[in-house]
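Take a look at the structure set out below.
When a ligand or atom number is given, it counts from 1 through the structure's own listing order. Note that these values count all heavy atoms, side chains included, but never hydrogens, waters or copies made by symmetry.
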Amino acid sequence: MRVIVTGAAGFIGSHLADRLVADGHRVTGLDDLSTGKLENLSGARKSKLFGFHRFDVTSSDLPVLVARDEPDVVLHLAAQMDVRKSVADPLHDTRTNVLGTVNVLEACARAGVPRVVFASSGGTVYGTPPKLPASERMTLHPTSPYGSAKAAGETYVAAYQRLHGLAGCSLRLGNVYGPRQDPHGEAGVVGIFAGALAKGQPTKVFGDGTSSRDYVYVDDVVDAFVRCLGGKGDGRRLNIGSGTGTTVRQLHTLVARAVGAPDAPEFAPSRAGELQAITLDVGQARRALGWEPVVGLEQGLAQTIEWVRSRKR
Ligand SMILES: NC(=O)c1ccc[n+]([C@@H]2O[C@H](COP(=O)([O-])OP(=O)(O)OC[C@H]3O[C@@H](n4cnc5c(N)ncnc54)[C@H](O)[C@@H]3O)[C@@H](O)[C@H]2O)c1
């Protein structure tokens, strides 16, 4: 297949590019390198199947690329992904995360691209769900411009399917962690704990440590995108997580154990606006995609810590 990946130089996008190339697909990556790094693509760029373009996803270069490439599917991951930045500068967030998404969809519709898969956020679109795990049937109550932009993106994907017949799927990702992750992303705490503990530096837990998240390993997320290539997710919004909540205190214990460091974080007052708990019901993704998260937290953390250590060498 011919695939365009937006946000290809980022954490998840680069793993996706690696997997697609390994599976024999022709991949065009685009990224403005605002947070992404070319070094993330050092593996993919060795392949003749991979090409890279540096530009802004909101620019007029995008429809030109899509029309020229005639992809079978566009996987749209380019985004401003820092929730705090979205609160500090909502217009910048909206420009990239809403206008960028509309630019992608419009380009696909005009070029007759059959399908698009959108990286949404299970950690932010629900807000505080009435019960856990959060299911796709629940009403969305985002509490940040970032979450609102992801919820809007999903409705644009659905509207373009109805309006233009552009098949679309939105994957509501949990807190994704793994090698190459950015400490400012939604699962940034894994990178922060791992980086600090590996260097023997102090760590801080905000609040009493009971707030919990649904951590999902990046390879499992990549597998969900790959399963959507042929249309299994069309017309759906699917949670992609582990289905289990892990508290920040438990996470610290697991990271400290894997690093071989003392499990003794400092506690600091909780930060305003932080969600108390989120866990995602992944039953629909199981049924629709035949997808299953297969990498357990301890195994995934060990692989992430190995990567953190390899960067220090
Ligand atoms: N990491 C998570 O836990 C998580 C959770 C839910 C959803 N997501 C979503 O998954 C996608 C990938 O996230 P990630 O964690 O890999 O983040 P990331 O920042 O590593 O990747 C995003 C990429 O988009 C690029 N980008 C940003 N603005 C751009 C623009 N205007 N034009 C072109 N490229 C631009 C960045 O340079 C970066 O390479 C994002 O859409 C994010 O919102 C991530």
Is A78 in polar range of ligand 1, meaning some N or O pair under 3.5 Å apart? no
Would you mind running through ligand 1 and noting each atom that sits below 4.0 Å from a heavy atom of F55? 32 (N), 33 (C)
Going by distance only, is there an N or O of F11 that falls short of 3.5 Å from an N or O of ligand 1? yes
Between Y146 and ligand 1, is there a nitrogen or oxygen pair with a distance under 3.5 Å? yes
Any salt bridge between R249 and D208, counting N to O under 4.0 Å? no
Between T58 and ligand 1, is there a nitrogen or oxygen pair with a distance under 3.5 Å? no
Please confirm whether N175 comes within less than 3.5 Å of ligand 1 when only nitrogen or oxygen atoms on both sides are compared. no
Decide whether an N or O pair under 3.5 Å exists between G36 and ligand 1. yes
Any chance you could measure K85, atom NZ, to T35, atom OG1, to the nearest 0.5 Å? 7.5 Å
Can you tell whether the side chains of E154 and R172 come within less than 4.0 Å, N to carboxylate O? yes
Under 3.5 Å: N/O of L30 near N/O of ligand 1: no
With the 4.5 Å side-chain cut-off for hydrophobic clustering, are L229 and F118 part of the same group? no
Just which atoms of ligand 1 are under 4.0 Å from any heavy atom in V176? 1 (N), 2 (C), 3 (O), 4 (C)
Heavy-atom contacts with S120 under 4.0 Å: which atoms of ligand 1 show up? List them by number with element. 6 (C), 7 (C)
Any sub-3.5 Å donor-acceptor pair from H25's side-chain atoms to M1's backbone N or O? yes
Value for CD (E136) from CG (N239), rounded to nearest 0.5 Å, stands at 3.5 Å
Would R180 and S14 count as having a side-chain donor-acceptor pair, cut-off 3.5 Å? yes
